[in-house]
Asker: 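Starting off with a structure, shown below.
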Amino acid sequence: MPRPCEPSSDPQTERILSTLDQFRIETPSWGYADTGTRFGKFHQPAAALDLGDKLADAGQVHRLTGCCPTVAVHVLWDFPAGTDAAEVVRQAGAHGISIGSINPNLFQDQQYKLGSFGNPDPSVQRAALQHCLDSIAIARAVGSRFLSLWFADGTNYPGQDNIRARKQRFTDALRQIHERLSDEEELLIEYKPFEPAFYQTDIADWGMAYLLAKSAGPQAKVLVDTGHHYQAQNIEQIVAWLLDEQMLGGFHFNDRRYADDDLTLGSIDPYQVFRIFHEIHGYAFDHGGVLPEIAYMIDQSHNLKPKLEAMIQTVMVAQELFAKAALVDHAALSVLQSRGDIVAAERVLQRAFMTDVTAALVIWRRRQGLPDDPLEALRSSGYIEQAARDRMQRRAALGIHQSSSYA
Ligand code: AFD
Ligand code: MN
Ligand code: MN
């Protein structure tokens, strides 16, 4: 947890500093490795080759930004059978971070061709359930409290399977997982409208994720991936409803121009990200000024942008927009709203969004002993060049040849 700052003279700066003190965002292990798209992979010399590299990179991001103390892991990619969980915890600690959410992989294995929990074959459903239970065991071994579930499950053609039967399979399986959770653990259920399923996805929107979470049990919540919405959807309204129901478990942050494009947060619509954060600050205002416990997580794995630069860029954007959203004067806003003064109410948000918080961010960073500009600090640190040299040597020794072959 970043160290709280000493008070500053200017109330607005003080508000920003105390907000930044509370803001942490998790980076994804998969964001440091070459992953590519279904049309090919463009290898990066400094891309992480194994979990050790990912932990080092995540540690570097936290060292430079001061707000990324945890890293999300993907079970199959990061915890192959026989992984020594205690050693992973030690390595993460050596880099100043710890393991965050555990992401089971329920979409890559050949057996999941017709789905995991939604698969019509009970033996595949059982295998998927076992993988989740194994993932809970990993969570306990590494001290994580979040099991973050995304399912590629769905069908590609009308009539392929019974939609209601698939819904029931998910309901049953999620209830069984929930029963195995300890009191501190939380199940995050992510939704996505389409891809890789193109006729119907079993957990396609926030309503389906909400209903499945409610039926699973009190420790199941909804995970909002900001890229997983159709163009016209009002994401901040979904966030407001989930907050009001205390069912917002967390976010996967990225941006989209068309669909689940995993673009950099705020690169297409920063005002929408601000409005999402505004709903969270508004909820806090109505609840004693206390920000709700939400797992803020990045979900990106850039194919073109350099991995570490892209990660730090996202973190800096998230901090900036979260700080801007903290500047909304909710007392004044609610008076204007009650009067129906539309333009003045709108201007309260616009003024906050247009406020330059750069200077306050620098004050916060200096007081944390961090570089004024983490991205520039990364670029001038030589870390990327050293990682590239090291990892290229190891690639050569492992005989890993780089081709942008189809994944
Ligand atoms: C893909 C999926 C989903 C999931 C992520 C990590 O669309 O967002 O959370 O992979 O498994 O982006
Ligand atoms: Mn996601
Ligand atoms: Mn996604």
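Each ligand, and each atom within it, is numbered from 1 in the order the structure gives. The structure displayed is predicted, hence computed values, not measured ones.
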Asker: Going by atom types only, do N103 and W30 share a side-chain donor-acceptor pair under 3.5 Å?
Answerer: no

Asker: Can you count the protein N/O/S atoms lying under 2.8 Å from the Mn ion (ligand 3), leaving waters out?
Answerer: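 That number is 2, waters not included.
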
Asker: Could you check whether R391 pairs with D57 (Lys NZ or Arg NE/NH1/NH2 to Asp/Glu carboxylate O, under 4.0 Å)?
Answerer: yes

Asker: Do the side chains of R365 and E320 get close enough for a salt bridge, i.e. N-O under 4.0 angstrom?
Answerer: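 So R365 does not pair with E320 through a salt bridge.
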
Asker: Can you find a non-hydrogen atom of D225 under 4.0 Å from ligand 1?
Answerer: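 Under 4.0 Å: yes for D225.
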
Asker: So D34 and R395, salt bridge (charged side-chain N to carboxylate O under 4.0 Å, His left out) or not? Walk me through it.
Answerer: CA-CA 13 Å; D34 277 335; R395 265 199 190 86; 3.6 Å; yes

Asker: Identify whether the distance between the nearest side-chain nitrogen and carboxylate oxygen of D260 and K192 falls below 4.0 Å.
Answerer: yes

Asker: Just distances here: any N/O of W77 and N/O of ligand 1 closer than 3.5 Å?
Answerer: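 Min N/O separation from ligand 1 is not below 3.5 Å for W77.
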
Asker: Suppose I only count heavy atoms of H252 and a 4.0 Å limit; which atoms of ligand 1 are within that range?
Answerer: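 Within the 4.0 Å cut-off of H252, ligand 1 contributes 9 (O).
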
Asker: Taking 4.0 angstrom as the limit, do R366 and D372 come out as a salt bridge?
Answerer: yes

Asker: Answer yes or no: is there an ion pair linking R180 with E185, defined by an N-O contact shorter than 4.0 Å?
Answerer: no

Asker: Can you confirm, on distance only, whether ligand 1 has an N/O atom lying under 3.5 Å from any N/O atom belonging to K192?
Answerer: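 Min N/O separation from ligand 1 is below 3.5 Å for K192.
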
Asker: Which atoms of ligand 1 sit under 4.0 Å from any heavy atom of D262?
Answerer: 12 (O)

Asker: Give the atom name of whichever N/O/S atom in E190 sits closest to the Mn ion (ligand 2).
Answerer: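 Considering only N, O and S atoms, E190 comes nearest to the Mn ion (ligand 2) through OE2.
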
Asker: Counting each atom of ligand 1 from 1 as listed, which ones have a heavy atom of H228 under 4.0 Å away?
Answerer: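 So the answer, numbered in order with elements, is 3 (C), 7 (O), 8 (O).
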
Asker: Answer yes when K167 and D202 have at least one side-chain N-carboxylate O distance shorter than 4.0 Å, and no when they do not.
Answerer: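 Salt bridge absent between K167 and D202.
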
Asker: Considering only the protein, which heavy-atom contact is closest to atom 9 (O) of ligand 1, and what is its distance?
Answerer: E190 OE1, 2.7 Å

Asker: Distance to 0.1 Å, residue and atom name: give those for the protein heavy atom nearest to atom 5 (C) of ligand 1.
Answerer: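 Here the closest protein heavy atom is D299 OD2, 3.3 Å.
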
Asker: Taking the cut-offs as 6.0 angstrom to the six-membered ring centre and 45 degrees off its axis, would you call K324 and F274 a cation-pi pair?
Answerer: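 No, K324 does not sit over the ring of F274.
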
Asker: Out of all atoms in ligand 1, which are within 4.0 Å of some heavy atom of W30? Include the element for each.
Answerer: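 Answer, ordered by atom number: 6 (C).
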
Asker: Take D50 and D53 through the test side chain to side chain contact (heavy atoms under 4.5 Å, CB included) and record every step on the way to the result.
Answerer: CA-CA 5 Å; D50 57 25; D53 293 344; 3.3 Å; yes

Asker: Sequence neighbours left out, what pairs pass side chain to side chain donor-acceptor pair (under 3.5 Å) with at least one residue falling in residues 272-281?
Answerer: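 Checked against side chain to side chain donor-acceptor pair (under 3.5 Å) - neighbours excluded - the pairs reaching residues 272-281 are E236-R275.
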
Asker: Of the protein's non-hydrogen atoms, which lies at the shortest distance from atom 6 (C) of ligand 1, and what is that distance?
Answerer: H74 NE2, 3.6 Å

